[in-house]
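The structure appears right after this line, and notes come after that.
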Amino acid sequence: MSETSADKLAALQAAREAVSDAGRPEAVAKRRAVGMATARERIDKLFDAGTFQEIGALVEPDRGHEMSRNLVAPADGAVTGTGHIGGRPVNALAQDFTVLGGSIGTVADAKCGRLVKFSRERGQPIVMLLEGGGHRIQDGMNAAHFAAASPVFRELASLSGWVPMVTAIMGQGFAGPTAYASLCDFVVMLRGKSTMGIAGPALVKAGTTTEITKEDLGGADRQAETQGIADLAVETEEECLDAIARFLSYLPQNAGEAPPVVPCDDPVDRRDDALLDLVPADSRKVYNMKKVIQTIADEDSVFELKPGYARNMITAFARLGGRPVGIFANQPMRKGGILDTPACEKAAHFIAMCDAFGLPLVSMIDIPGISIGPAAEDTGLGRRSGRLFFEMGIATVPLASVVLRKGYGGGYYAMGGGRAFDATIALGWPTAEICAMSIEGAVDVAYRKEYEAAPDPQARRAELIETIRGQTRALDAASGFGLDDIIDPRDTRRILIETFAMSPARRADPAPPRRRPISPI
């Protein structure tokens with residue numbers, strides 16, 4: 001008796017059941033034992049209910065050579081497909097750690113390539129939920145297979161600046177997952193569970209004889225707060241998936257669309273008297289720049305990136321009148337807000353991302369300058385600071401600069417103060433103090449002989465300092481038209497919102513008809 005259509009459909013449903021969580025209870029039990037979700041559960045939590053359409057669920061692994069002949073790898077260890085997050089289409093890959101440790105096989109690699117094609121052609125974000133090793137050993141240790149190499153990195157690079165790319169490292173992430181993450185715009189890790197790095201402890205020991213724990217080598221605290229490779233470290237999988245959705249909510253689907261403006265009931269002209277006291281007039285006193293940003297932005301709209309890394313620089317998405325913006329700001333509470341190599345690179349990458357996706361930029365300036373001395377030079381700051389100048393120089397989104405207090409030297413340039421990078425609007429607060437370098441330093445360099453020859457050297461030095469300080473105040477900056485205006489701090493929110501509302505999406509690009517600029521780093 002021949003099979004009926006109903007028989008064939010039943011066989012199809014059985015095949016789907018076999019690779020699902022319900023069909024693999026032992027694998028699910030192992031995840032429960034370590035307090036972690038399955039790849040499909042993560043996908044279900046990330047996407048709007050009922051919207052995810054899996055592709056490639058029924059694939060089999062490559063069994064074309066000796067080491068792979070007997071492989072059992074449901075869906076080749078990767079869940080791939082497309083669905084909606086916040087009502088918007090997104091493509092996603094989730095590694096299945098229960099299948100050969102989440103290693104990427106030949107077929108899974110092809111599935112990833114298809115997602116990249118969807119993202120490129122449809123203009124949709126791509127999200128990768130990664131947990132596992134890199135290339136599958138059974139495939140990779142065969143030259144006939146490996147010699148061709150995968151085009152996946154070229155394909156991912158082709159998406160850069162076109163669609164938002166997100167990686168969540170949700171467990172072990174040495175080797176391949178780290179390489180994927182390196183090309184993404186946003187990387188989030190789980191404290192105590194996630195790891196990143198070029199190679200794990202076993203390979204490190206084999207190659208260098210060094211013994212080290214995976215946490216010390218590449219744990220979330222190290223990679224998010226010391227190295228800055230990850231943008232965010234969170235405690236739970238739920239926080240991780242929520243962070244992905246929130247990150248995407250500030251960005252357009254692709255660089256050809258405008259950033260999503262959301263309804264806002266926070267008044268445009270809201271004036272908060274707290275701003276009058278948040279920034280002390282005495283430049284020797286510190287304050288928390290984050291409080292200033294939160295007061296100016298729409299209520300509960302600030303989403304900070306890399307909050308634990310290079311804390312002297314703040315980089316955050318926020319909304320002003322419902323419009324997404326990118327804010328980068330000096331943090332006086334950390335190193336006085338000075339620019340060092342980590343701060344420059346953190347800000348530069350953030351500016352590039354905002355410029356790629358059309359988010360207006362707000363620079364909040366209180367900077368004593370760029371770091372100096374042997375320790376700074378050892379980090380290559382002379383060239384790495386150039387990356388910040390470079391990104392500021394090629395950005396074409398609207399730019400608003402606000403000098404809250406110190407605006408000293410090259411740091412003032414790098415932060416886009418005044419006319420340095422053709423700001424759409426250049427503002428100062430009454431507490432602004434703008435000059436070429438530290439006032440005390442300037443006196444010691446230019447007037448040391450004079451004050452040392454005085455009857456009372458320290459009194460003369462103090463007198464010179466006050467004389468120069470009297471020429472660096474906000475009204476002096478406005479008098480030479482170096483700034484567009486000195487404003488009441490309470491009006492900052494309204495002026496920024498109105499400025500961006502009246503500005504075109506892009507400023508004119510003054511660059512000659514080159515093929516591409518060359519980054520200093």
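Since the model is a prediction, treat every value here as computed from it, not as a measurement.
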Distance in Å, [X] [atom1] paired with [Y] [atom2], rounded so as to fall on 0.5 Å steps:
X: Y309; Y: E225; atom1: OH; atom2: CD; result: 12.0 Å
X: R42; Y: C240; atom1: CZ; atom2: SG; result: 8.0 Å
X: S119; Y: K117; atom1: OG; atom2: NZ; result: 12.5 Å
X: L93; Y: M128; atom1: CG; atom2: CE; result: 7.0 Å
X: R122; Y: L115; atom1: CZ; atom2: CG; result: 9.5 Å
X: K406; Y: S438; atom1: NZ; atom2: OG; result: 7.0 Å

Is any side-chain heavy atom of [X] closer than 4.5 Å to a side-chain heavy atom of [Y]?
X: I85; Y: L46; value: yes
X: I169; Y: V188; value: no
X: L217; Y: T195; value: no
X: V234; Y: R191; value: no
X: I296; Y: M364; value: yes
X: S160; Y: M165; value: yes
X: C184; Y: V166; value: no
X: L232; Y: M189; value: no

Can you tell me if [X] uses its side chain to pair, donor with acceptor, with the backbone of [Y] under 3.5 Å?
X: T167; Y: V187; answer: no
X: Q53; Y: T82; answer: no
X: D76; Y: A108; answer: yes
X: S401; Y: G417; answer: no
X: N254; Y: V163; answer: no
X: T315; Y: L305; answer: yes
X: T295; Y: K291; answer: yes
X: W162; Y: R120; answer: yes
X: K111; Y: A78; answer: yes
X: S301; Y: R319; answer: yes

Self-check item: Which residues share a ring-ring contact (aromatic ring centres under 6.0 Å, His included) with F174, sequence neighbours left out
Solution: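 With sequence neighbours excluded, F174 shows a ring-ring contact (aromatic ring centres under 6.0 Å, His included) to no residue whatsoever.
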
Per-pair distances, 0.1 Å, donor-acceptor, side chain in residues 373-381, under 3.5 Å, sequence neighbours excluded:
{"residue": "T379", "atom": "OG1", "partner": "T341", "partner atom": "OG1", "Å": "2.7"}
{"residue": "T379", "atom": "OG1", "partner": "A376", "partner atom": "O", "Å": "2.6"}

Have [X] and [Y] got a donor and an acceptor in their side chains that come within less than 3.5 Å?
X: T98; Y: R24; value: yes
X: T236; Y: E239; value: yes
X: R88; Y: Q253; value: yes
X: N312; Y: N330; value: no
X: D366; Y: Q331; value: no
X: D48; Y: T51; value: no
X: D509; Y: T396; value: no
X: R405; Y: S283; value: no

Please check if atom [atom1] in [X] has more than 12 non-hydrogen atoms from other residues, nucleotides or ligands closer than 6.0 Å.
X: E238; atom1: CD; answer: yes
X: R114; atom1: CZ; answer: no
X: I212; atom1: CD1; answer: yes
X: I521; atom1: CD1; answer: yes
X: R16; atom1: CZ; answer: no

Looking at every non-hydrogen atom in both residues, tell me the closest pair between [X] and [Y] and how far apart they are.
X: A233; Y: A220; answer: CB-CB, 4.1 Å
X: G326; Y: C354; answer: CA-SG, 3.8 Å
X: A395; Y: I351; answer: CB-CG2, 4.3 Å
X: V79; Y: A39; answer: CG2-CB, 4.0 Å
X: I43; Y: A92; answer: CD1-CB, 4.0 Å
X: P324; Y: P360; answer: O-CD, 3.4 Å

Quiz item: What do the steps show when you test Y180 against F153 for ring pair (Phe, Tyr, Trp, His ring centres under 6.0 Å), and what is the final call?
Solution: CA-CA 7 Å; Y180 295 154; F153 296 114; 5.6 Å; yes

Quiz item: salt bridge (charged side-chain N to carboxylate O under 4.0 Å, His left out) between E345 and R387: does it pass, once the steps are laid out?
Solution: CA-CA 7 Å; E345 293 186 338; R387 172 77 193 284; over 6 Å; no

Self-check item: salt bridge (Lys or Arg N to Asp or Glu O under 4.0 Å) against R32, all qualifying residues, sequence neighbours excluded
Solution: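 Salt bridge (Lys or Arg N to Asp or Glu O under 4.0 Å) list for R32, sorted by chain: E41.
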
Practice problem: Among residues two or more places apart or on two chains, list those pairs meeting salt bridge (charged side-chain N to carboxylate O under 4.0 Å, His left out) that have a residue in residues 162-171. | Solution: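 As it turns out, there is no salt bridge (charged side-chain N to carboxylate O under 4.0 Å, His left out) pair with a partner in residues 162-171 once direct neighbours are skipped.
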
Self-check item: Any pair counted as ring-ring contact (aromatic ring centres under 6.0 Å, His included), so long as it reaches residues 338-391, sequence neighbours left out
Solution: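 Every pair satisfying ring-ring contact (aromatic ring centres under 6.0 Å, His included) with a residue in residues 338-391: F317-F350.
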
Quiz item: What residue pairs, at least two apart or across chains, pass ring-ring contact (aromatic ring centres under 6.0 Å, His included) with a residue in residues 36-59?
Solution: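 Residue pairs with at least one partner in residues 36-59: F47-F52.
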
Sidechain N-carboxylate O distance under 4.0 Å for [X], [Y]:
X: D231; Y: K306; value: yes
X: K335; Y: D340; value: yes
X: D355; Y: R506; value: yes

Quiz prompt | Positive for salt bridge (Lys or Arg N to Asp or Glu O under 4.0 Å) with R31, one of E26, E237, E131 | solution =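 Result for salt bridge (Lys or Arg N to Asp or Glu O under 4.0 Å) with R31: E131.
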
Exercise. Any chance you could lay out the side chain to side chain contact (heavy atoms under 4.5 Å, CB included) test for M415 and S363, step after step, and finish with the verdict?
Key: CA-CA 6 Å; M415 292 294 293; S363 172; 3.6 Å; yes

